[in-house]
Amino acid sequence: MEFNVEISNEINARIQGITDESEKVDKIFSWLNEDFEWVQTDYVERTVEEIMIRKAGNCAEQAKVVERVLTHLGIETRWILEMNSHPESMERQNYSIELIEKYGYFYSIFGWNHNDHRWLEYYNKHLKQWIPIDTAFGVLGINHWLKKRLSFTFESIPNTQQIIPFCIVALDSNSAASEILSNCYLIDQFDKFYNGMLSRATVWEEWKSLINKLTNVGIATYSKQGNLHKHQDDIKRVYNLYLRLKEEVLTKVDI
């Protein structure tokens, strides 16, 4: 489905004269990241055009816009499902329970100390790699993702909002889980970002085991076969282990 003329012209103006694919993505990311405001879910169904006119949306709405714009430019994307630990909220827990009673355990995907999040990867043909792009959190590229989403720096999301991913999965065109990415992002790349120092921490094996356990539970919950609410103690451990990793390596790393 094509954009209307006005939106199509704006997209073309943003990338005028640019032939490099990565530069096009950079321009689109900067535009949407700067112009669009994150807002809480209100469960109103909107078209991509309506979201663009509104210039605001939740994570999934913003991802819809990014997907549509990059597809318009001939760039392949795929959806990413993330589940993360969150500061405790009885309001979120009670709302989740209300939905579970009506529609089933899928809605345990969020609750007392956890939430779900949606973002995208785009396929860089030159690098032959999938690259993270998330305007809701203002992230583009793997190093930027690691710095913003997992690093021990003061400005990172774990430090400012206490939000730490524990399950990351790529989805196929039917929105089914197609590739587990938790090991890539939360173990391999996380350790690489800190030059292998995390894998020498005393709690690293515990971190890896917990990430793998909660990833499996998260996928089962997303597939309507599990209940993430039964694992809220393990989810609490995610944040505690993150703090212990930080404590062990922070004094040894130039951040």
| said: According to salt bridge (charged side-chain N to carboxylate O under 4.0 Å, His left out), who are the partners of K27, at least two apart in sequence or on a separate chain? | reply: none
| Main-chain N/O of R68 paired with H72 side-chain donor or acceptor, under 3.5 Å | no
| Under 3.5 Å: donor-acceptor pair, side chain of N216, backbone of N212 | yes
| Is the distance between the ring centroids of F137 and W119 less than 6.0 Å? | no
| query | What residues form a side chain to side chain donor-acceptor pair (under 3.5 Å) with W79, not counting sequence neighbours? | reply | E67
| If you group Ile, Leu, Val, Met, Phe, Trp and Tyr by side-chain heavy-atom gaps below 4.5 Å, do W130 and L186 land in one group? | no
| request: Taking side chain to side chain contact (heavy atoms under 4.5 Å, CB included) as the test, write out the residues that go with S151, two or more places apart. | output: K147, T153, S156, F193, Y194
| Taking only residues two or more places apart in sequence, or in another chain, which ones meet N9 in a side chain to side chain contact (heavy atoms under 4.5 Å, CB included)? | V5
| said: Considering only residues two or more places apart or on different chains, which pairs with a residue in residues 155-176 satisfy salt bridge (charged side-chain N to carboxylate O under 4.0 Å, His left out)? | reply: none
| field | Co-membership, hydrophobic cluster, residues V169 and I163, 4.5 Å side-chain | value | no
| note | What one should report as the nearest heavy-atom pair of S85 and V238 is OG-CG1, 4.2 Å
| query | Using 30° and 60° as the class limits, which term best fits the ring planes of Y103 and Y107: parallel, tilted or perpendicular? | reply | tilted
| said: According to side chain to side chain donor-acceptor pair (under 3.5 Å), who are the partners of E10, at least two apart in sequence or on a separate chain? | reply: R14
| side chain to side chain donor-acceptor pair (under 3.5 Å) against S108, all qualifying residues, sequence neighbours excluded | N227
| task | Going by the ring-ring contact (aromatic ring centres under 6.0 Å, His included) test, name the single residue among W145, F190, F166 that passes it with Y185. | result | W145
| request: Find the distance between CG (N159) and CG (L243) and round it off to the nearest 0.5 Å. | output: 8.5 Å
| query | Which heavy-atom pair separates I164 from P158 by the least distance, and what is that distance? | reply | CG1-CB, 3.9 Å
| Taking atom types as modelled, is there a side-chain donor on Q93 or E88 under 3.5 Å from an acceptor on the other? | no
| Parallel, tilted or perpendicular, as decided by the 30° and 60° cut-offs, for the rings of F106 and Y222 | tilted
| field | Heavy-atom pair with the smallest gap, counting every atom of I11 and I28 | value | CG2-CD1, 4.4 Å
| Between R237 and E206, is the closest basic N to carboxylate O distance under 4.0 Å? | yes
| request: Can you sort out the partners of R118 under salt bridge (charged side-chain N to carboxylate O under 4.0 Å, His left out), two or more places apart, ordered by chain and number? | output: D116
| Hey, what do you get for CD1 (I18) to CG (D26), rounding to the nearest 0.5 Å? | 8.5 Å
| request: Report the residues that fulfil salt bridge (charged side-chain N to carboxylate O under 4.0 Å, His left out) with E179, sequence neighbours left out, ordered by chain and then residue number. | output: R78
| Apart from W112 itself, what residues make up its hydrophobic cluster, given side-chain heavy atom links below 4.5 Å? | M90
| said: Quick check on the hydrophobic clustering: are L127 and Y123 connected, directly or via other members, by side-chain heavy-atom contacts under 4.5 Å? | reply: no
| query | Distance-only, no hydrogens or angles: does the E21 side chain make a donor-acceptor pair with backbone N or O of I75 under 3.5 Å? | reply | no
| How many angstroms lie between atom CE of M52 and atom OG1 of T47, to the nearest 0.5 angstrom? | 10.0 Å
| request: Would you mind reporting whether K213 and D234 have side-chain heavy atoms less than 4.5 Å apart? | output: yes
| Aromatic rings Y242 and W207: how do their planes relate, parallel, tilted or perpendicular, breaks at 30° and 60°? | tilted
| request: With rounding to the nearest 0.5 Å, note down the distance linking CG in D20 to NE2 in H126. | output: 8.0 Å
| field | Interatomic distance, I131 atom CD1 to L120 atom CG [nearest 0.5 angstrom] | value | 13.0 Å
| task | For K208, enumerate each residue passing the salt bridge (charged side-chain N to carboxylate O under 4.0 Å, His left out) test, keeping only those at least two apart in sequence or located in another chain. | result | E205
| request: For residues H114 and H231, establish whether the separation of their ring centroids is below 6.0 Å. | output: no
| Common cluster, L73/I133, ILVMFWY with side-chain heavy-atom separation under 4.5 Å | yes
| task | Look at the side chain of H229 and the backbone N and O of F110, then say whether any donor-acceptor pair between them is shorter than 3.5 Å. | result | yes
| message | Under a 3.5 Å distance rule, please check whether E61 uses its side chain to pair with a backbone N or O of N58 as donor and acceptor. | response | yes
| note | Nearest heavy-atom contact between R92 and N113 is NH2-CA, 3.9 Å
| task | Treat each ILVMFWY residue as a node, draw an edge where side-chain heavy atoms are under 4.5 Å apart, and state whether L210 and I219 are in one component. | result | no
| message | Can you list everything that forms a side chain to side chain donor-acceptor pair (under 3.5 Å) with D134? Sequence neighbours excluded, please. | response | H117
| task | Indicate whether the side chain of N33 and that of T135 have a donor and an acceptor atom separated by less than 3.5 Å. | result | no
| request: Any chance you could measure K246, atom NZ, to L241, atom CG, to the nearest 0.5 Å? | output: 14.5 Å
